[in-house]
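Inspection log for the structure reproduced underneath, given as structure tokens.
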Amino acid sequence: MTEPLLKLAGLGKAYGQVDAAKDINLDVADGEFVTFLGPSGSGKTTTLMMVAGFTEPTAGGISLNGQPLDPIPVWKRDIGMVFQHYALFPHMTVAQNIAFPLEMRGVAKGDRRKRAEEAMEMVGLAGFGSRLPKELSGGQQQRVALARAMVFKPRLLLMDEPLGALDKKLREHMQLEIMHLHKNMGTTVLYVTHDQEEALVMSDRIAVFSNGRIEQVGSPRELYEAPQTKFVADFIGETNFIAGKAQGCNGAGASVRGLNGQLGAPLQEGADAVLAVRPERLKVMNGAGAAGGNTLTGTVKELIYLGQSRKAIIALEDGTEVAALEQAAQAEATALEMGSQATLSFRAEDARILADV
Amino acid sequence: MTAGNRTLWLLIPAVLLIGVCFLYPVSWLLQRSVSEPVWGLQNYITIFSKSIYLGVLWNTIAIAGATTILCALIGFPVAYSMVHARPWIRKLLIFVVLIPFWTSILVRSFAWLVILQRGGIINDILVGIGMIAEPLDIVYNRFGVLLGMVQVLLPFMVFPLYSVMARIDGSFFRAATNLGATPIRAFFRVYLPLCLPGLGTGAMLVFIIALGYFITPALLGGRGDTMIAQLIFERIDEFGDWPLASALAIVLLIGTGLLFAIIKGVSKLRRGRI
Ligand SMILES: Nc1ncnc2c1ncn2[C@@H]1O[C@H](COP(=O)(O)OP(=O)(O)O)[C@@H](O)[C@H]1O
Ligand SMILES: [Mg+2]
């Protein structure tokens, strides 16, 4: 395994009694796109600010290329950053903004202009150089911020909810653009968002934050298919939880209320647990089918038409509501009716048994 | 425009006030300055050709300019602290900066006199602890004038600066350092330019008010620190020379107006990006 570009080791930041970030461990490889995903207040910004150098850690350390970053001041770290509200200098033109990091590095004027122009071209803003930031739309300002943060070829690019201020359509467009830039430039990116869809679309790997800690790190697929904690299963995508006691824990599998699933993480026999299964992994049958392995029976409570798919909410006997998603053609074949009985079944490998905290 | 026309009557009191209290006296002064002793510009020619008058004009500009610069140098850190201090310290600072407005300017100038004169508190202490053998001349000179004027005019610098600084987002400075600027370069290249509107407004207020200052230079200044307002008073009070005094007043008015126009023009140019 090659040396990681960025290494966060036991990183923590306490404000008095409050741990804004605690015991953050993460290795980021050169060229990787890693996203911090988590609800508001979960410590994503704090962690990013420690990497940028704006916030001093109270525990642990950060190293870049094997060198500890802690003694290096912000302006010498060579880490680009796109701020949440862009922080474009309002008294400078677009070209001056983009050339600013080059100016600070003593790049000669002619060279500066050339590289700024290349950067503007890269983000599709050729010809906008003499405008002021306030004369640009939100998406254009976003691009200027991106160009400014990349023009000096930083070792690492940080972005804190860079698309938060844009409308949905533009946001999706910019997601693709940022991904393309990342691929073309090969820059390593640390990206912060609270939008799980955005994280799934853009990232090589995602670190899920909760209460100042990293809950799980993995590829989008790993996090979605094999969550290790209830929080992760709940935060990413939609999940059904069936609560009970963990039984028959045997290393790889376990069961809850007689339903079998994979173990997400080691679990004590008899501990409070949930079985987590995604709506699209449930097979739906009309009527009360034979009770058997991994089946659930209940009453159809709601049918939600979603165009290409149809969601059914089924209430089990104990009142637990379970959502099942079927593709349109399949849904027509199943032909559920409101208030009638339905049976759901799933494979043990599609379900996760997780500690219920 | 209709909405504007319908509310125009709201301006009547202001128009009356300006007409009666400003335009009328000013045109009266203007007329006297060009019609006595005979019609012509003789009073203005006197002002711009005699060295005592030119000296006073220069004094006025120099004292107002120095006051403005000192107010900027002292006011900038004060405004900055006010923006970044905890709420109770901010309140305290605002209170301290506003104190000068609560006492009469005459009382304050006399107070400075008591403190600064040869037999005053400062000299007594300095001589008492043996730091100096002879009392220092720290009043009845330029130093005394500037001290008094800066104290009075500081709020006019601090508050415009404060209101501009309070609206500058911290992320600009952070972005600058992140992009490779040392804190000093980030200050001069990003923070200071963003403060310029406040600095400009403050400087204009201080300079223009200082141009017409009277009591402070009269009480705390020496013979060489006479300002134009004092000269006007002297011409009328001692010599009853209304025509020349009127011409001086018009010079002050036109000078101030010119300055105002120049500053406006410059800031417009800046906004239009040269
Ligand atoms: N300067 C600070 N002083 C005190 N608490 C802070 C400070 N900055 C952040 N926090 C706290 O740390 C926690 C994490 O904040 P943050 O990293 O901004 O979360 P996120 O970016 O995930 O929304 C929050 O509870 C927040 O209130
Ligand atoms: Mg945040």
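Order of the sequence lines fixes the chain letters, A, B, ..., with proteins taken first and strands second; residue numbering starts at 1 for each chain.
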I'd like to verify something: which residue of A/F83, A/W75, A/F152 has the highest number of heavy-atom pairs under 4.5 Å with chain B? A/W75
Checking A/L102 against chain B: side chain, backbone, both or neither under 4.5 Å from a heavy atom? neither
What I'd like to find out is whether the side chain of A/M104 reaches to under 4.5 Å of the side chain of B/T182, using heavy atoms alone. no
Is there side-chain contact between B/V190 and A/F100, with heavy atoms separated by less than 4.5 Å? yes
Minimum heavy-atom distance between B/F172 and A/P90, given as atom pair plus value: CE2-CD, 3.7 Å
Tell me, yes or no, whether the heavy-atom count around A/K22 atom NZ, taken from other residues, nucleotides or ligands under 6.0 Å, exceeds 12. no
Is there a side-chain contact between B/L194 and A/F89, using heavy atoms and a 4.5 Å cut-off? no
Does atom CZ (B/F22) have a neighbourhood of more than 12 heavy atoms from anything else shown, all under 6.0 Å? no
Using only atom types and a distance under 3.5 Å, with no angle test, would you say the side chain of B/N178 pairs donor to acceptor with the backbone of A/A52? no
Say whether, by atom type as modelled, one donor and one acceptor occur between the side chain of A/H91 and the main chain of B/R189 under 3.5 angstrom. yes
Around A/E121, counting heavy atoms of other residues, nucleotides and ligands shown, do more than 12 lie under 6.0 Å from its CD? no
Can you find a pair of side-chain heavy atoms, one from A/Y86 and one from B/S171, that are under 4.5 Å apart? no
Is the side chain of A/R105 donor-acceptor paired with the backbone N or O of B/L179 at a distance under 3.5 Å, no angle test? yes
Which residues in residues 58-75 of chain B have any heavy atom closer than 4.5 Å to a heavy atom of chain A? none
By a 4.5 Å heavy-atom criterion (distance strictly below it), what part of B/R174 contacts chain A: side chain, backbone, both, or neither? both
Pick one of side chain, backbone, both or neither for A/E103, based on which atoms fall under 4.5 Å of a heavy atom in chain B. both
Under the side-chain contact (heavy atoms from CB on, under 4.5 Å) test, which residues partner A/A116, sequence neighbours left out? A/I98, A/A99
Taking atom CZ as the centre, does A/R113 end up with more than 12 heavy-atom neighbours from other residues, nucleotides or ligands that are less than 6.0 angstrom away? no
One option among A/D78, A/V82, A/L88 has the most heavy-atom pairs under 4.5 Å with chain B, and it is A/L88
Considering only heavy atoms and a distance below 4.5 Å, find which of A/M92, A/H85, A/R77, A/K76 pairs most often with chain B. A/M92
Can you tell which part of B/A176 gets under 4.5 Å to a heavy atom of chain A, answering side chain, backbone, both or neither? both
Report, as yes or no, whether the 6.0 Å neighbourhood of atom CZ on B/F260 holds more than 12 heavy atoms from other residues, nucleotides or ligands. no
One pair to check against side-chain contact (heavy atoms from CB on, under 4.5 Å): A/F54 and B/T177. What are the steps and the verdict? CA-CA 9 Å; A/F54 296 125; B/T177 54; 3.6 Å; yes
Can you confirm whether more than 12 heavy atoms, excluding those of B/L11, are under 6.0 Å from its CG atom? yes
